[in-house]
Structures are given as C-alpha cells and as structure tokens.
Amino acid sequence: MNTKAIIFDVDGVLVNVPYFFTQELQNNWYENAVEIMNEYYGKENTLCAEWVWEARELIEPYLERIWWTKWSERYFEEQFQFEEKYIETALIKTIPKLQKIGIKSYLWTDQEKNRAKFLRETLNFQNIFDGCFISCEIWSRKGFPVFWNSVKETLWKEEIQEHEIVFFDDLQSNIDVAKQEGIQAFLYTNINNFLKDLDTLEIKI
C-alpha cells in the first residue's frame with residue numbers, strides 16, 4: 001500500500017523523557033511537586049492545550065504551593081531544557097530520508113502554546129517536519145473527531161487520503177482511534193521496531 005505521509009506523536013515518540021519534569025523537581029527538594037503539579041496538568045493545562053489560555057498565569061498558584069520562588073516563565077524554561085536532552089535523535093534523523101523518497105512527515109500533539117513554541121522553534125520541528133497538528137491551534141485535543149477531521153482535511157489538500165497515512169504513537173488508545181479513522185497505525189516503542197514497521201510497509205530508507 002502506498003504511503004504518502006507519516007504522522008508522529010511527540011511525547012513518548014519524538015521526545016522520550018525517562019520521567020516527567022515534576023519528578024525532577026521533587027528530586028531537587030520541591031516537596032510534593034509530583035502530586036501538586038499533577039493537579040495542574042490534569043486540570044488547567046488540559047484547558048490550555050485545548051484553548052489558547054495562558055499557562056504561565058494558571059500555573060502560578062501551583063508553583064506557590066511547591067515553594068517555587070522564580071517566575072513562571074522560568075519554570076517552563078527549565079522544563080523545556082530538561083526535555084530537550086531526551087529527543088529521539090535517531091528517529092528525527094529518519095525524517096529527511098522519508099522526505100527524500102516522497103513521504104511527508106507531520107507531528108501531532110496536545111500542547112499549550114508555550115510548549116508548542118518550544119517544539120516549533122527551539123527544537124526546530126517547524127523546519128524538520130512538513131507540518132504540525134497541535135491541539136491549542138486546532139482547539140481540540142488529539143483523539144477526538146474534531147482533531148482528526150482537521151488532520152485529514154489538511155492532508156486532503158495535499159492530495160493525501162486516509163489509507164495513504166501512517167501514524168505512530170506510544171499509547172494504544174490513540175492507535176485504536178486512528179484505526180477507526182481509517183489510518184494505518186503502529187505502536188511506537190523504539191527506533192528498531194519503528195524501522196521494522198517501515199519494512200512491513202515496504203518503505204526503504
């Protein structure tokens with residue numbers, strides 16, 4: 001089957017941290033950081049990822065509870081610096097090889113606008129990939145029909161149909177939804193299995 005586009009999830013695929021930044025905070029004497037910051041990520045950050053709310057303002061009450069004494073902007077800077085160390089470099093290096101044989105590459109992710117900017121600009125994903133599908137820009141989180149409709153409409157304009165799209169994610173639930181949308185989908189675990197999946201698709205890079 002001809003493949004014209006591959007979509008990659010970010011967290012757990014393109015960026016694969018061994019543990020969340022909140023654990024890093026707790027390891028560095030910010031007491032109860034994991035429990036407290038998980039409240040933020042389970043509530044306000046979800047809203048920021050779906051709507052263009054300002055995360056730097058909504059996160060401040062939670063930072064106060066863990067005795068963070070710096071600006072909220074600095075929190076995000078340190079989070080992004082931590083995450084930058086865990087880019088899946090070997091996977092990223094396959095992107096230009098795929099593009100060279102005519103397969104476009106896209107990323108999709110649930111993000112608030114500060115991390116979206118980090119992914120686009122600091123990690124240079126805006127120049128590495130052919131496009132980015134980001135929840136705060138689509139106004140819907142991934143896994144919902146609105147998100148997938150936006151993805152498919154964009155790719156239709158590139159003359160790419162559902163059966164010509166391949167999707168990689170580290171969560172089976174997202175894989176299942178993609179398949180329901182008519183997308184070929186594979187669970188990402190590591191670069192070696194990714195290359196095996198490309199072989200299954202008869203993609204040679």
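In what follows, every heavy atom counts, from backbone to side chain, and hydrogens, waters and symmetry copies are set aside. All residue numbers refer to positions in the sequence shown, counting from 1.
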Before you tell me yes or no, could you show the steps for Phe80 and Phe21 under ring-ring contact (aromatic ring centres under 6.0 Å, His included), namely the whole-Å CA-CA distance, both residues' side-chain angles and the distance that decides it to 0.1 Å? CA-CA 9 Å; Phe80 301 154; Phe21 179 62; 8.9 Å; no
Let me see the working for Arg120 and Cys132 under side-chain contact (heavy atoms from CB on, under 4.5 Å), right down to the final yes or no. CA-CA 8 Å; Arg120 286 183 179 278; Cys132 303; 3.7 Å; yes
Evaluation steps, side-chain contact (heavy atoms from CB on, under 4.5 Å), between Ile36 and Asn38: CA-CA 5 Å; Ile36 292 170; Asn38 279 353; over 6 Å; no
Derivation of the side-chain contact (heavy atoms from CB on, under 4.5 Å) call for Thr109 and Phe8: CA-CA 9 Å; Thr109 184; Phe8 298 88; over 6 Å; no
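The backbone N or O of Lys142 sits less than 3.5 Å from a side-chain atom of Asp110, completing a donor-acceptor pair. Using a distance-only test at 3.5 Å, with no hydrogens or angles considered, no donor-acceptor pair links the side chain of Glu57 to the main chain of Glu54. Judged by distance alone, the side chain of Asp169 and the main-chain N or O of Asp9 form no donor-acceptor pair under 3.5 Å. The closest donor-acceptor contact from the side chain of Glu112 to the backbone of Asn114 lies under 3.5 Å. With Trp68 contributing its side chain and Lys70 its backbone, the two residues share a donor-acceptor pair below 3.5 Å. Side chain of Ser135 to backbone of Ala49: a donor-acceptor contact under 3.5 angstrom is found. Gln26 contributes a side-chain N or O that, together with a main-chain N or O of Val34, makes up a donor-acceptor pair within less than 3.5 Å. The main-chain N or O of Phe147 is never found under 3.5 Å from a side-chain atom of Ser150 such that the two would form a donor-acceptor pair.
For the pair Phe129/Gln126, no side-chain contact is recorded, criterion being any heavy-atom separation below 4.5 Å from C-beta on. The closest side-chain heavy-atom distance from Phe167 to Trp108 is below 4.5 Å. With a 4.5 Å cut-off on side-chain heavy atoms, Tyr106 and Leu155 count as touching. Looking at heavy atoms from C-beta onward, Arg141 lies in side-chain contact with Thr46 at the 4.5 angstrom threshold. Contact check for Ile59 versus Glu64: no side-chain heavy atoms found under the 4.5 Å cut-off. In this structure the side chain of Leu47 never reaches within 4.5 angstrom of the side chain of Asn45, judged on heavy atoms. Between Pro18 and Tyr86 the shortest side-chain heavy-atom distance falls below 4.5 Å. Residues Ile87 and Ile92 form a side-chain contact, since some pair of their non-hydrogen atoms from C-beta on lies under 4.5 Å apart.
Just one of Ile175, Asn193, Leu171 meets the side chain to side chain contact (heavy atoms under 4.5 Å, CB included) condition when paired with Leu187; it is Ile175. For the ring-ring contact (aromatic ring centres under 6.0 Å, His included) with Tyr62, the qualifying choice from Tyr75, Tyr30, Tyr40 is Tyr40, the only one to do so.
Arg56 and Glu60 are not joined by a salt bridge, as no carboxylate oxygen comes within less than 4.0 angstrom of a charged side-chain nitrogen. For Glu159 and Lys4, the salt-bridge test fails: no basic side-chain N is under 4.0 Å from an acidic carboxylate O. Between Glu88 and Lys93 there is no salt bridge, since no side-chain nitrogen of the basic residue lies less than 4.0 Å from a carboxylate oxygen of the acidic one.
Residue Ile101 comes nearest to Ile205 through the heavy atom pair CD1-CG2, 3.8 Å, listed as atom of the first residue, atom of the second, then distance. Across every non-hydrogen atom of Glu162 and Ile183, the tightest pair is O-CD1, 3.8 Å. Closest non-hydrogen pair, Glu44 versus Glu39, comes out as OE1-O, 4.3 Å. What you find for Ile191 and Tyr188 is that their closest heavy atoms are N-OH, 3.3 Å. Heavy atoms only, all atoms of each residue included: Asp170 and Val13 are closest at N-CG2, 3.8 Å. The minimum heavy-atom distance between Leu107 and Ile7, with the atom names listed, is C-CG2, 4.5 Å.
Trp156 and Val146 are assigned to two separate hydrophobic clusters, defined by single-linkage of ILVMFWY side chains at heavy-atom distances under 4.5 Å. One hydrophobic cluster holds both Tyr19 and Tyr41 under the rule that ILVMFWY side chains link at heavy-atom gaps under 4.5 Å. When the side chains of ILVMFWY residues are joined at heavy-atom separations under 4.5 Å, either directly or via intervening members, Phe194 and Phe125 end up in a single hydrophobic cluster. Hydrophobic cluster membership is shared by Phe76 and Leu123, with clusters built from Ile, Leu, Val, Met, Phe, Trp and Tyr side chains linked at under 4.5 angstrom. Under a hydrophobic-cluster definition in which Ile, Leu, Val, Met, Phe, Trp and Tyr are linked whenever side-chain heavy atoms come within less than 4.5 Å, directly or via other members, Leu14 and Ile134 are assigned to the same cluster.
Note that CZ of Phe82 and NZ of Lys85 are 6.0 Å apart. Values are rounded to the nearest 0.5 Å. With rounding to the nearest 0.5 angstrom, the CD atom of Glu78 is 9.0 Å from the CG atom of Asn28. Summarising the geometry, atom CG belonging to Leu198 is positioned 5.5 Å from atom CZ belonging to Phe168; distances are rounded to the nearest 0.5 Å. To the nearest 0.5 Å, the span separating CD1 on Ile165 from NE2 on His163 amounts to 9.5 Å. To the nearest 0.5 Å, atom CD of residue Gln172 and atom CG of residue Asp176 are 4.5 Å apart. If you take CD on Glu77 and OG1 on Thr122, they are separated by 9.5 Å, rounding to the nearest 0.5 Å.
The number of heavy-atom neighbours closer than 6.0 Å to NZ of Lys204, taken from other residues, nucleotides and ligands shown, is above 12. Counting heavy-atom neighbours within 6.0 Å of Glu84 CD, excluding the residue itself, gives a total above 12. Annotation: Glu31, atom CD; neighbour count of heavy atoms from other residues, nucleotides and ligands within 6.0 Å does not exceed 12.
Cation-pi contact between Lys152 and Trp148: absent, since separation from the ring centre below 6.0 Å together with deviation from the ring axis within 45° is not met.
Side-chain atoms of Asn27 and Gln23 include a donor-acceptor pair closer than 3.5 Å.
With sequence neighbours excluded, the residues forming a salt bridge (Lys or Arg N to Asp or Glu O under 4.0 Å) with Glu83 are Arg115, listed by chain and number.
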